[in-house]
Amino acid sequence: MRVVKQRLLEILPGARVFLDEPDVAIGALEAYVERSRTVLVFCSRGYFESKNCMRELRAAVATGKPLIALLEPEAGHGAMSEEEVRRQLLHESCESWGFGPHPSPQELVDALLPVAPEPIEWNRLSPHQDVTLRLIAERLLPPGGEVRIDGEATSS
């Protein structure tokens, strides 16, 4: 996710972007979420197996932060479809992590996978990566904000 951070800083000069590791002291994770305007969730198997990532997601949902779901499509990197993310969250017992009942698994699903906007698929290929990053950047801007990336693959 360092690539996403670096590229977003290039696309949105002046933006403040933090990466939960190594930027965040684990004990201060909820405080960082509280100070954030939007939380980008990289939906991969590893994310949903990490207690600290689940703390981050739960804190974001509990505080009503907008979420951007970024889906990993490559099996070698922990691919998860929207349906797999939904099943994982609904199957995951809050008690197994030592969390309380709120937000509920269904609240996590509803916040992370709303009907609109749809999750964004991460793409490692440079021309397609530009499209992915533009979509992320546009969701970080006020409504109607537009982002242009020099050399981005476009279709007519």
Side-chain angles (χ1 to χ4, degrees), residues 1-86 88-89 92 97 103 108-156:
M1 290 292 63
R2 285 182 184 90
V3 169
V4 174
K5 177 182 178 175
Q6 177 186 342
R7 296 289 312 278
L8 283 174
L9 290 171
E10 292 168 4
I11 296 166
L12 300 172
R16 289 183 297 161
V17 179
F18 83 90
L19 182 61
D20 59 355
E21 288 185 25
D23 293 353
V24 175
I26 295 303
L29 186 61
E30 287 83 356
Y32 276 95
V33 170
E34 178 67 35
R35 289 194 304 262
S36 298
R37 187 173 7 166
T38 304
V39 176
L40 176 71
V41 176
F42 187 66
C43 299
S44 68
R45 299 220 181 275
Y47 184 89
F48 296 102
E49 293 171 357
S50 165
K51 182 176 183 175
N52 287 327
C53 290
M54 294 307 296
R55 281 178 52 207
E56 174 186 69
L57 178 59
R58 291 176 56 77
V61 172
T63 56
K65 300 296 178 181
L67 299 173
I68 300 172
L70 188 60
L71 298 177
E72 171 56 68
E74 293 187 25
H77 294 281
M80 289 190 84
S81 68
E82 221 176 309
E83 186 54 38
E84 289 171 316
V85 169
R86 185 175 282 104
Q88 179 71 34
L89 287 172
E92 193 60 53
W97 291 112
L108 297 177
V109 169
D110 293 345
L112 186 58
L113 301 172
V115 173
E118 294 180 359
I120 298 170
E121 184 175 290
W122 174 241
N123 203 309
R124 286 177 168 70
L125 299 175
S126 291
H128 303 293
Q129 190 179 94
D130 287 346
V131 174
T132 299
L133 288 159
R134 179 181 46 77
L135 292 170
I136 293 168
E138 285 176 348
R139 291 196 191 170
L140 296 173
L141 296 175
E146 192 173 309
V147 175
R148 296 193 188 277
I149 298 175
D150 290 338
E152 178 184 335
T154 59
S155 61
S156 53

Check the pair L89, L57 against side chain to side chain contact (heavy atoms under 4.5 Å, CB included), reporting the backbone distance first and the verdict last. CA-CA 11 Å; L89 287 172; L57 178 59; 3.9 Å; yes

Problem set entry | Check against side chain to side chain contact (heavy atoms under 4.5 Å, CB included), L140 and V147 | CA-CA 10 Å; L140 296 173; V147 175; over 6 Å; no

*Would you find a donor on one side and an acceptor on the other, under 3.5 Å apart, between the side chain of K5 and the backbone of F18?*
no

Taken to the nearest 0.5 Å, the spacing of Q88 CD from E49 CD works out to 7.0 Å

Checking R58 side chain against P103 main chain: does a donor-acceptor pair fall under 3.5 Å?
yes

Legend entry - Expected output: side-chain T132 to main-chain E121 donor-acceptor under 3.5 Å: yes

Given L135 and I68, is the side chain to side chain contact (heavy atoms under 4.5 Å, CB included) satisfied, shown in steps?
CA-CA 10 Å; L135 292 170; I68 300 172; over 6 Å; no

message = Within the 3.5 Å criterion, strictly below it, is a donor on Y32 or E56 matched to an acceptor on the partner's side chain?
response = no

Open item on the list: For E84, is the CD atom crowded, meaning more than 12 foreign heavy atoms sit under 6.0 Å from it?
Closed with: yes

**Exam field: side chain T63 to backbone A59, donor-acceptor pair closer than 3.5 Å** = yes

Quiz item: Okay, side chain of S36, backbone of V39: is any donor-acceptor separation there less than 3.5 Å?
Solution: no

pair R139-T38: side-chain heavy atoms closer than 4.5 Å:
no

Without hydrogens or angle criteria, can the side chains of E10 and Q6 be said to hold a donor-acceptor pair below 3.5 Å? yes

